[in-house]
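The structure appears right after this line, and notes come after that.
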Amino acid sequence: MASNPSQVDPQTKSSTKSKLDVEQAIRMEPDNSADLNVEVRDHSNRAQWLRAAVLGANDGLLSTAALMIGVGSVRKDVKTMILTGIAGLLAGAFSMAMGEFVSVYSQYDMELSDLKRENEATNGTQDNLEERMKHLPSPLQASAASALSFAVGAAVPLLAAAFIRNYDVRLAVVLVAVSLALLGFGWLAAALGEAPPLKSALRVLVGGWIAMGVTYGLTKLIGSTGLGQ
């Protein structure tokens with residue numbers, strides 16, 4: 001007996017309806033991929049900013065300490081060492097700020113161009129574009145953070161040397177303070193980068209000792225020639 005094509009198996013009909021409901025639900029479900037991308041980008045930017053701040057503080061610490069120790073090998077009075085440290089702090093902070101401003105502004109321009117092209121390709125609205133632009137890096141904030149982190153690091157040897165008149169004691173206190181700070185910055189940078197903290201901290205410490213030692217030795221050698229007298 002031939003089957004009637006108008007008669008549909010109830011189970012098949014139910015299965016077809018379920019598939020249609022699922023497809024409709026999928027079409028109606030909001031696409032949160034853009035929000036997820038923004039969230040991931042924000043987390044990545046925060047991690048990069050923290051690591052950059054730590055590295056900037058380490059640069060300020062080491063360069064200022066090396067300058068003070070180097071000049072102090074020739075001019076041992078506290079005033080000369082402090083003025084050298086202040087000059088190093090100001091020059092380094094402004095230099096870091098300008099370099100960071102130019103670098104981040106270039107990154108800002110590239111990311112903004114990418115967002116505009118993506119917005120045009122997907123027929124996005126201007127409001128959507130402006131909302132996503134809020135998550136782009138700020139050149140002014142980056143330059144200010146870079147200068148501030150450098151100054152914080154540079155303040156360590158300055159504060160350590162500021163109130164000690166005896167040269168030998170002053171040098172020892174500066175070396176101890178800078179060494180402890182190098183260990184701390186090295187450990188923090190490793191923690192942010194998910195690297196072994198002890199190994200990284202020791203590497204930063206030894207590198208700092210070498211930099212200060214070489215600066216001290218070469219400056220003392222040049223000073224012994226009578227240059228500038």
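No experiment lies behind these values; they were computed from the predicted model shown.
Separation of atoms CD (Glu100) and CD (Gln107) is listed at 9.0 Å; rounding is to 0.5 Å. Note that OG of Ser200 is 11.0 Å distant from CG of Leu205, once rounded to the nearest 0.5 Å.
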Please output the side-chain donor-acceptor pairs of residues 77-89 that fall under 3.5 Å, not counting sequence neighbours, one pair per line with the distance.
from: Asp77; atom 1: OD1; to: Thr80; atom 2: OG1; distance (Å): 2.8
from: Asp77; atom 1: OD2; to: Thr80; atom 2: N; distance (Å): 3.0
from: Asp77; atom 1: OD2; to: Thr80; atom 2: OG1; distance (Å): 2.8
from: Thr84; atom 1: OG1; to: Thr80; atom 2: O; distance (Å): 2.7

Side chains of residues 176-189: which donor-acceptor partners sit under 3.5 Å, not counting sequence neighbours?
from: Ser179; atom 1: OG; to: Leu175; atom 2: O; distance (Å): 2.7
from: Ser179; atom 1: OG; to: Trp209; atom 2: NE1; distance (Å): 2.9

Begin from the C-alpha positions of Leu136 and Leu115 and carry the test side-chain contact (heavy atoms from CB on, under 4.5 Å) through to its verdict. CA-CA 10 Å; Leu136 293 176; Leu115 283 181; 3.8 Å; yes
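Closest approach of Thr219 to Gly70, counting heavy atoms only: CG2-O, 3.0 Å. Minimum interatomic distance between Pro197 and Ala190 (heavy atoms only, all atoms of both residues): CA-CB, 3.7 Å. Closest of all the heavy-atom pairs between Pro157 and Gly153 is CD-O, 3.5 Å.
The side-chain hydrogen bond (donor to acceptor under 3.5 Å, both in side chains) pairs that include a residue from residues 150-163 number zero, where partners must be two or more places apart or lie in different chains. Listed by first then second residue, pairs satisfying side-chain hydrogen bond (donor to acceptor under 3.5 Å, both in side chains) with a partner in residues 157-177 number zero, not counting sequence neighbours. Within the structure, ring pair (Phe, Tyr, Trp, His ring centres under 6.0 Å) pairs that include any residue of residues 53-101 comprise Phe101-Tyr105 (at least two apart or interchain).
Every residue meeting the side-chain hydrogen bond (donor to acceptor under 3.5 Å, both in side chains) condition with Asp114, not counting sequence neighbours, appears here in chain and number order: Arg117.
There is a path of hydrophobic side-chain contacts, each under 4.5 Å, that joins Val174 to Leu61. Clustering ILVMFWY residues whenever any of their side-chain heavy atoms sit less than 4.5 angstrom apart, transitively, puts Tyr216 in the very cluster that holds Leu62. In the hydrophobic clustering of ILVMFWY residues, with side-chain heavy atoms under 4.5 Å counting as a link, Val71 and Met212 come out apart. Leu55 and Val204 fall into different hydrophobic clusters, where Ile, Leu, Val, Met, Phe, Trp and Tyr residues are linked whenever their side-chain heavy atoms come under 4.5 Å apart, directly or through other members.
A donor-acceptor pair under 3.5 Å is formed between the side chain of Ser63 and the backbone N or O of Asp59. At distances below 3.5 Å, at least one donor-acceptor pair connects side-chain atoms of Ser149 with backbone N or O atoms of Ser146. In this structure a side-chain-to-backbone donor-acceptor pair under 3.5 Å is present from Ser224 to Leu221. A distance-only check finds a donor-acceptor pair linking the side chain of Ser143 to the backbone of Leu140 [under 3.5 Å].
Applying the under-4.5 Å side-chain rule to Ile, Leu, Val, Met, Phe, Trp and Tyr, the cluster around Met96 extends to Phe150. Within the hydrophobic cluster formed by Ile, Leu, Val, Met, Phe, Trp and Tyr side chains joined at under 4.5 Å, directly or through other members, Leu218 is accompanied by Val206, Ile210, Val214.
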